[in-house]
Every structure is written in C-alpha cells, then in structure tokens.
Amino acid sequence: AKFVDVKAVWTVDCQGRVDVKLHGQRDMEFPFLPRFGIRMFLPKAFGEVEYFAYGPYESYIDKHRASRLGVYAQTVDSMHEDYIKPQENSSHAGCRYVTVSDGAYALTAASETPFSFNVSPYTQEELASKAHNYELEKCGETVLCVDYKMSGVGSNSCGPLLMPQYQLNEETFGRQEGFLTVGEMSSTSMENCFRYAGADSHELTMVFSFHHLKVDFMGNEKWVLVPTDFGKLKQILFSWQQGMAAHNAWNALFWDNHDQPRVVSRFGDEGEYWKQSAKMLANVIHCMRGTPYIYQGEELGMTNANFTDLSQYRDVESLNNFEILRDKGMSEESAYNILKVHSRDNARTPMQWTAGENGGFTAGTPWIGVNPNYVTINAESQLNDPDSILAHYRALVALRKQYDVIALGDFAPLDERHPQVLAYRRRWQGQELYCISNFYPKPCRWVSPEPLAGCRVLLANYPDAAPADTLDLRPYESMILLRG
C-alpha cells in the first residue's frame, strides 16, 4: 500500500539556488506518517557540515535540554554515534539551515520553518539491517536527510504506534517462561502503557513511567526552582495505581534512578529529619501495587551531591544548562542552586560503602567526586543498626514477601485532598493494609475516613507509632498498618 501521494515542484535559478515545494496527500487508511522529507545522496567528498540547530549532541523533540541552539561545525564521520545496535542517528531538531560541503562546493538546505536533519556515511537500509556496528559498510556517498515532520526518531522508529518489529515478546523472550522485561516510558500516556504492559498484550512485564517525577517542574521546564506540587503528585500516583490495575497492567515503582536527583533531597530532608523522611518515602512506594525498584544508595538515604563548582559536574545536560541560565542573565549562585537540585549527577556519585577513602568505592580516582557525607552515610555504618534506613528497606522487602496483600491487593486512595498526608488502603482476601504518611516536616492531624480499630503496626519510622482513627502525625511520620 502507498502511504502518500507527493507532488514536487523544483525550481532552479541561474545562480544554482533550488526551491522545493512539496505537497503530500496522505492515504487516510494510515493514521500518521512516520516522517516526511527528502533524502539526498551527495558525493563522498562532501564531508564537512555546518548547521544552525540544537547541537552539538543529538537532539530530538525530547532531548532539547541536552543540547543548545547555535551554529556548529562537524565532520560527517564525527556525527555518527555507535549505539549498542546500529540505528539512524546524528539527528538535529530546530534547524534553520544545514550546509554540507567538500571545501569547494556546498549544498545548503534552509527554511523559515524549523526542520530536522541528519547526515551520515551510511544508508538507513544499512543501519536497519545490521546487528552490530562493526558490520556496517559505508555506502561511498554522504546521505543527507531533511525532514519537515517526524513522528518518533530514526528510520525504523515506531512513532506513536507499536510497530510489528518492536513486538519482541512472541518472537524472542516470550518463548520461555521466567523472563522479566521492563520498558522505560518517560512521557508515554497511560493508555499506551496498557498496551505495552497489559497482561493480555503479551509484550512487557512492566513499565517505568516518569510523570510523578515532574511535579517540581514549571510545566515541562526542569531548570527552575519551584515548590513540589504535592496535590499533583498524589493525583498521578493514585491514578496510575488504579488505571493500570483496571487494565491488568503492571507498574514499576521507583523514586530514584541515574537521571533523577536523590529522593530524600528532593521530597524529604537532608537535615534533622533525614532518617524519618527517607523511611517515609520508602513506605509510600513499597506498599503500592507493582514491583518496587531500589536505586544504588537509596537504601542508605544517599543525598544530592551539593557540588559547588562547575568542574565537579560531568553531565552534559547540567553543563549546557548552566551556560544557558547564565546567558539568560541569571547569577552564578542562582544557576548553581538549580544544578544542586536538578542535576542528574546527583544520582551518579559513587556508591558509599564505608567511611574510608572515596567511600570504599575505589583506591584510585573516581570518574566523578564522592559525596563528602560518605563519612556518616555509608553501608558499613548501617549494616548492624536495627534503626537504620537500610534495615527499614530490608523490612519492606520482607513484608512484601510475607503478605500477599502488598503484592496483590487492590488499591484505594484515602483523603486525597489532605494538604500534607498521602494515604491509601490495600485489600486482599480478608486482609486490609493501610499506608499513612505525613509528607512534610510540619506536624499535622489526620482523621481516617475508615475505622482503624483492630489494626496493628507492621512498620513505622517512629518507634512508638500506634493506630488511631485520629492521628497526630509528627514530622515525616509514616506507618504501615495491617488488619486481618
């Protein structure tokens, strides 16, 4: 079947300028076009590239923050990146012009409307057909793709649809029992996640979604300092719990990963209530429906790096955005304060094993500095401490294995509009589990909408926690109650 009928009008003037006008009529049987543009094959000698777009690193619609808008010059070969599996790359969005030349002659593509382009020594067919980078063969020409519109990235991108070549389960790991698969769905809708991780879809076991980790952004703008929208956080967590369950789909539960600041610094407290807030945040996630993930150091309460100089950072997104913020007129101090809160390097400092040199991570020089608080926050100091954050995480893992209500129970939010408390109930085969957490350092009163008579405390972050229909919750107080 034909996706689109295209009419092209090429106008060449006496000075060599070419004006291209394209009109495409899409076959309405197809819901979208993966990409719409022109592919050109230029002589191999055309190996120099200059462009005004987001760069110098690859930039797609979801990667603009890792690149800066500007004029860049590179070679065709240097723009290619060896991914684990060959794929079309070196794409740049927001482009106004790109020039490819051999030093004497040049071809320039320019538009008043921003477009995307990539340039490569390989054809899209070659990149799609090979399994390893060392198998790639250059085509002997320079391949320039100029895309007016693109839904997704790359020649084989699935765009908004799950294309057959990405339905791996039945052709690969789904042929044997015991495989667990996880998909990262950074900004994907819940509806798409049903399709990826629904039990009836026979695709992925579970999915990561990141919507709950954008509640301290201003809209989609990350590099600002704004208070956490607690109401939005609850709404997102609760809706994904109920929505995924309604469609028999499974969540991956998490706060931290290599791209997120440390959760105890982000939503908790690094000071007086460090231990209580770290335990509270663990309770919130680990008692939900889904599979909880623990990122390295989260079980110790590792905090943000609090770097004080740009030379300490390694993350290209942080380095670029520091310069962008300074270019906008922000003071150096204010720009550093934003990096301290939002930089991905907060999660990438070495694991803190001991109070020894470099936190016991290495006797050499680590690729990025160790957080100075490794002297007090480290695994060795918590191993035999029954009140430690590590002991609390171990207890949560044991509870999930012991009580099926945590893994299998249904989910119901409680008192969703309370300004400080995040609470919910799980229910399974005659058992009821309640997780009640004060998300703030300010004490508050919480009146349970359901009677808590007959409940016992399974785990709490204060030693004298006790169930009651009216609870006067202390700073970051959190308790897990069980009835039945």
Side-chain angles (χ1 to χ4, degrees), residues 32-44 46-101 107 109 111 114-163 165-166 168 183-188 258-259 314-317 319-320 344:
F32 79 106
L33 292 177
R35 63 198 296 187
F36 183 69
I38 302 171
R39 179 168 70 164
M40 292 171 274
F41 291 87
L42 308 176
K44 178 183 178 181
F46 279 60
E48 303 294 326
V49 186
E50 180 183 290
Y51 57 94
F52 177 73
Y54 285 94
Y57 309 98
E58 286 191 284
S59 62
Y60 308 124
I61 191 63
D62 62 339
K63 290 178 68 175
H64 283 184
R65 297 188 200 88
S67 297
R68 300 180 65 188
L69 189 64
V71 177
Y72 300 96
Q74 296 175 255
T75 65
V76 171
D77 285 334
S78 71
M79 296 180 76
H80 177 78
E81 296 187 26
D82 286 333
Y83 283 90
I84 295 174
K85 186 180 186 304
Q87 59 181 281
E88 187 175 358
N89 63 69
S90 69
S91 294
H92 294 273
C95 186
R96 294 303 177 93
Y97 79 83
V98 55
T99 296
V100 187
S101 71
L107 182 145
S111 174
F115 59 93
S116 300
F117 82 91
N118 65 57
V119 60
S120 173
Y122 306 106
T123 64
Q124 286 71 27
E125 291 82 359
E126 177 71 5
L127 291 164
S129 65
K130 297 299 172 62
H132 305 285
N133 288 289
Y134 61 77
E135 298 175 328
L136 292 174
E137 296 182 9
K138 295 182 178 180
C139 67
E141 296 176 286
T142 294
V143 183
L144 172 64
C145 293
V146 177
D147 294 306
Y148 176 66
K149 290 289 185 181
M150 183 185 292
S151 298
V153 179
S155 56
N156 278 338
S157 171
C158 59
L161 296 183
L162 183 61
M163 293 182 71
Q165 63 261 43
Y166 292 98
L168 300 175
E184 180 177 316
M185 310 296 175
S186 175
S187 301
T188 311
H258 62 283
D259 281 338
R314 300 291 180 268
D315 174 31
V316 64
E317 181 189 44
L319 297 172
N320 281 341
R344 300 186 296 190

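No experiment lies behind these values; they were computed from the predicted model shown. FYI, the numbering just counts along the sequence from 1.
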Measuring from Glu50:CD to Gln74:CD, what's the distance to the nearest 0.5 Å?
11.0 Å
Which of parallel (below 30°), tilted (30 to 60°) and perpendicular (above 60°) describes Tyr97 and Phe52?
parallel
If I compare all heavy atoms of Pro86 with all of Leu136, which pair ends up nearest, and what's the gap?
CB-CD2, 4.0 Å
Exercise: identify the closest heavy-atom pair between Leu107 and Phe46:
N-CE2, 4.1 Å
Please say which of Leu42, Thr142, Leu144, Val143 ends up in a side chain to side chain contact (heavy atoms under 4.5 Å, CB included) with Val76.
Thr142
Tell me if a side-chain donor or acceptor on Thr75 pairs with a main-chain N or O of Gly47 at a distance below 3.5 Å.
no
Nearest heavy-atom pair of Ala53 and Ala93: which atoms, and what distance?
CB-O, 3.5 Å
Would you call Glu125-Arg39 a salt bridge at under 4.0 Å N-O?
yes
Is it true that, when you exclude Lys85 itself, more than 12 heavy atoms of the residues, nucleotides or ligands shown sit nearer than 6.0 Å to its NZ?
yes
Polar side-chain atom of Glu126 near backbone of Lys138 as donor-acceptor pair, under 3.5 Å:
no
Main chain of Glu81, side chain of Asn89: is a donor-acceptor contact present, judged purely on distance under 3.5 Å?
yes
Please report the closest heavy-atom contact between Leu127 and Glu88, naming both atoms and the distance.
CD1-CA, 3.6 Å
Reported OH-to-CZ distance for the pair Tyr51 and Arg96, which is rounded to 0.5 angstrom:
16.0 Å
Got a second to check how far Cys95's SG is from Asp147's CG, nearest 0.5 Å?
11.0 Å
Tightest non-hydrogen contact, residues Pro121 and Asp77, listed as CG-OD1, 3.7 Å
Under 6.0 Å between the ring centres of Tyr54 and His92?
no
If you compare all heavy atoms of Phe115 against all heavy atoms of Ala109, which two are closest, and at what distance to 0.1 Å?
CZ-O, 3.7 Å
Test side-chain contact (heavy atoms from CB on, under 4.5 Å) applied to Cys145 and Gln124, step by step:
CA-CA 10 Å; Cys145 293; Gln124 286 71 27; 3.1 Å; yes
At what distance, to the nearest 0.5 angstrom, does CE of Met79 lie from CZ of Phe117?
4.0 Å
